[in-house]
Protein chains: 2
Amino acid sequence: MIETGTEPESRAERKLRTRRAILDATLELCADSSLTALSLRQVAKQVGIVPTAFYRHFDSIESLGLALVEESFDSLRDLFRDVRRNARADQDIVDGSIDALVDHVHRRRDHFGFIARERVAGPRSVREAIHREIELCERELATDLALMTGTDIWTAKDLHVLSSLFVTVLVATAEQILSTTRPEQEAQIVATVRTQLRMLLVGVYQWRSEG
Amino acid sequence: MIETGTEPESRAERKLRTRRAILDATLELCADSSLTALSLRQVAKQVGIVPTAFYRHFDSIESLGLALVEESFDSLRDLFRDVRRNARADQDIVDGSIDALVDHVHRRRDHFGFIARERVAGPRSVREAIHREIELCERELATDLALMTGTDIWTAKDLHVLSSLFVTVLVATAEQILSTTRPEQEAQIVATVRTQLRMLLVGVYQWRSEG
DNA sequence: CCTTTCAGTGAACATCTGTACACCGACAAC
DNA sequence: GTTGTCGGTGTACAGATGTTCACTGAAAGG
């Protein structure tokens with residue numbers, strides 16, 4: 001039921017196309033509200049398939065959600081990769097990171113919005129999956145920080161604490177950017193987080209781990 | 001239809017009691033999931049009234065949500081009041097604030113959970129109401145900070161930036177506390193935010209606002 | 001005492017919900 | 001070329017949904 005207009009596809013290709021359409025339709029439909037407020041029939045209608053066809057791809061909205069968690073965190077890891085790259089470049093590390101954040105949030109509004117929402121409002125299994133992924137990100141960032149800072153004066157524990165704080169600020173900023181469409185307000189948000197990170201960096205440079 | 005068992009009530013009292021029951025039932029029902037996934041009939045059943053009686057108190061789930069925003073932020077303002085009080089007491093300001101936070105989050109799990117969820121996943125009007133309230137809290141905190149810090153070396157803008165960062169960390173910590181029930185994990189969360197605030201304070205003490 | 005007010009009732013409605021079932025028809029495998 | 005696999009279809013059903021309407025009965029007000 002998906003209009004093709006192109007060359008004939010194999011069965012596997014076609015199935016993949018429908019699966020993609022379901023994922024996209026879901027991201028669009030739950031853009032405001034939440035997965036828990038979304039019905040299988042709404043998704044099917046948006047995709048252009050009959051409700052029962054949904055079961056050929058997922059056996060519930062919940063497992064659909066888990067698939068979306070995975071692909072949303074692919075986007076988030078893309079962001080982290082860019083931040084890491086900008087950190088080595090000539091640019092200021094704070095500005096570089098914020099630029100990357102803004103850029104990625106704009107490009108994948110759907111994915112970042114999905115994480116922000118379902119992190120607190122999704123089905124239990126989805127919430128848990130997101131928390132696991134975020135913790136992975138924090139650990140990953142902590143090892144990166146270990147390379148950048150004087151690793152001899154920072155304990156592993158403190159590195160993770162700092163990494164967790166960075167991720168918290170990052171997530172909160174993403175949420176704020178997502179909740180506005182006015183460019184001047186976004187500029188305000190960016191300016192604020194810029195200063196916040198600078199304040200934090202001042203503390204970081206002075207910090208010496210105890211014990 | 002609310003079993004009383006006590007002395008007869010006036011009509012106004014009785015209406016208030018039902019209203020309270022609706023508010024409580026809603027907090028309980030949307031504790032996992034979200035307002036947007038909640039039906040009027042579920043609420044009515046939980047309260048023990050017929051669906052149409054709901055309309056005597058609210059004309060939609062959405063306006064019910066707005067009422068819950070108000071009372072949830074009463075709880076949050078209670079927390080702020082305690083933090084302010086602890087700040088003057090003998091206790092360390094960081095530890096005192098965290099203790100107050102943990103205490104209030106435990107006592108009003110429902111209200112803090114409601115804010116955390118509906119802030120990102122609620123109906124648009126509810127989300128907007130919450131954002132307005134949070135901004136009020138940030139402003140309020142900023143004026144408090146102005147009294148505590150050397151106000152001559154901090155611009156009003158920087159004070160608000162700092163206040164916003166504090167609120168971000170506070171909200172994130174509340175969310176983490178809410179998402180766990182294991183005491184040892186909560187202790188971990190508290191220890192982490194304790195260190196984070198200390199790192200931040202190091203930066204704050206060094207900070208000098210630019211022109 | 002008589003009348004008004006009004007929180008709560010109960011039946012009815014059109015619509016939406018998840019899921020079961022039998023079916024189709026094109027691709028794939030042999 | 002026959003057969004099997006498997007996305008997708010269509011029908012069907014029992015239950016939930018928001019909202020309407022006319023109603024009841026007790027408290028409130030004159």
Side-chain angles (χ1 to χ4, degrees), chain A residues 1-26 28-30 32-67 122-126, chain B residues 1-26 28-30 32-67 122-126:
Chain A
M1 253 312 124
I2 319 247
E3 72 289 338
T4 132
T6 65
E7 291 305 289
E9 306 166 290
S10 80
R11 208 146 60 174
E13 287 171 335
R14 209 188 143 82
K15 176 160 188 181
L16 216 66
R17 256 169 57 91
T18 305
R19 186 189 150 92
R20 249 284 37 97
I22 292 178
L23 293 169
D24 290 341
T26 305
E28 190 180 335
L29 284 174
C30 75
D32 37 26
S33 80
S34 156
L35 258 194
T36 52
L38 192 63
S39 79
L40 181 157
R41 286 179 113 103
Q42 284 175 53
V43 176
K45 180 183 286 184
Q46 173 87 4
V47 173
I49 57 176
V50 95
T52 46
F54 177 92
Y55 292 111
R56 301 290 182 202
H57 302 272
F58 303 97
D59 48 46
S60 67
I61 291 282
E62 196 168 316
S63 67
L64 205 192
L66 293 176
R124 174 176 298 276
S125 64
V126 171
Chain B
M1 258 317 116
I2 317 243
E3 72 289 340
T4 131
T6 66
E7 291 305 288
E9 305 165 292
S10 79
R11 205 138 72 168
E13 288 171 335
R14 210 188 143 81
K15 175 159 189 182
L16 216 66
R17 257 170 57 91
T18 306
R19 186 189 150 93
R20 246 291 30 100
I22 293 177
L23 293 168
D24 290 341
T26 305
E28 190 179 335
L29 284 174
C30 75
D32 36 26
S33 81
S34 157
L35 258 193
T36 51
L38 191 64
S39 79
L40 182 155
R41 284 178 114 104
Q42 286 175 52
V43 176
K45 180 183 287 184
Q46 173 88 5
V47 173
I49 56 175
V50 97
T52 47
F54 177 91
Y55 293 112
R56 301 289 181 202
H57 303 272
F58 303 97
D59 48 47
S60 65
I61 292 282
E62 195 169 318
S63 69
L64 205 191
L66 292 177
R124 174 176 299 277
S125 64
V126 171

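Spacing between atom CZ of B/Arg14 and atom C1' of C/dT5 amounts to 16 Å, rounded to whole angstrom units. Note: CD (A/Glu13) to P (D/dG8) measures 14 Å, nearest angstrom. When rounded to the nearest whole Å, the span between CD1 of A/Ile22 and P of D/dG7 equals 11 Å. One atom, CZ of A/Arg17, and another, P of C/dC27, lie 14 Å apart when rounded to the nearest Å. Rounded to whole Å, the distance from CG on A/Leu64 to P on C/dG18 is 12 Å. Rounded to whole Å, atom P of C/dA28 lies 11 Å from atom CD of A/Glu9. Look at CG on B/Leu16: it is 13 Å from C1' on C/dA7, rounded to the nearest Å.
Contact annotation: B/Thr18 reaches the phosphate of C/dG8 (side-chain N/O to OP1 or OP2, under 4.0 Å).
In terms of the salt bridge (Lys or Arg N to Asp or Glu O under 4.0 Å) criterion, residue partners of A/Arg20 (sequence neighbours excluded) are, by chain and number, A/Asp24, A/Glu71. Judged as a side-chain hydrogen bond (donor to acceptor under 3.5 Å, both in side chains), and not counting sequence neighbours, the contacts of B/Ser125 are B/Glu62. Partners of A/Arg11 by side chain to side chain contact (heavy atoms under 4.5 Å, CB included), not counting sequence neighbours: none found.
Here A/His57 contributes atom NE2 and A/Lys15 contributes atom NZ; the two are 6.0 Å apart, rounded to the nearest 0.5 Å.
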Considering only distance and modelled atom types, tabulate donor-acceptor pairs under 3.5 Å from the side chains of residues 34-43 of chain A, sequence neighbours left out.
unit_1	atom_1	unit_2	atom_2	d
A/Ser34	OG	A/Thr36	N	3.1
A/Ser34	OG	A/Thr36	OG1	3.1
A/Ser34	OG	A/Glu118	OE1	3.3
A/Ser39	OG	A/Gln42	N	3.1
A/Ser39	OG	A/Gln42	NE2	3.4

Listed pairs under 3.5 Å, donor-acceptor, residues 44-52 of chain B side chains, sequence neighbours left out:
unit_1	atom_1	unit_2	atom_2	d
B/Gln46	NE2	B/Glu28	OE1	3.3
B/Gln46	NE2	B/Glu28	OE2	3.4

Exercise. Would you give a per-nucleotide map of nucleotides 11-26 of chain D, 5' to 3', where B means the base has a protein non-hydrogen atom under 4.0 Å away, S means only the sugar-phosphate does, and - means neither?
Key: -B----BBBBB----B

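Proximity note for B/Ala53 (side chain, C-beta onward) versus C/dT9, D/dG7, C/dA28: the nearest is C/dT9.
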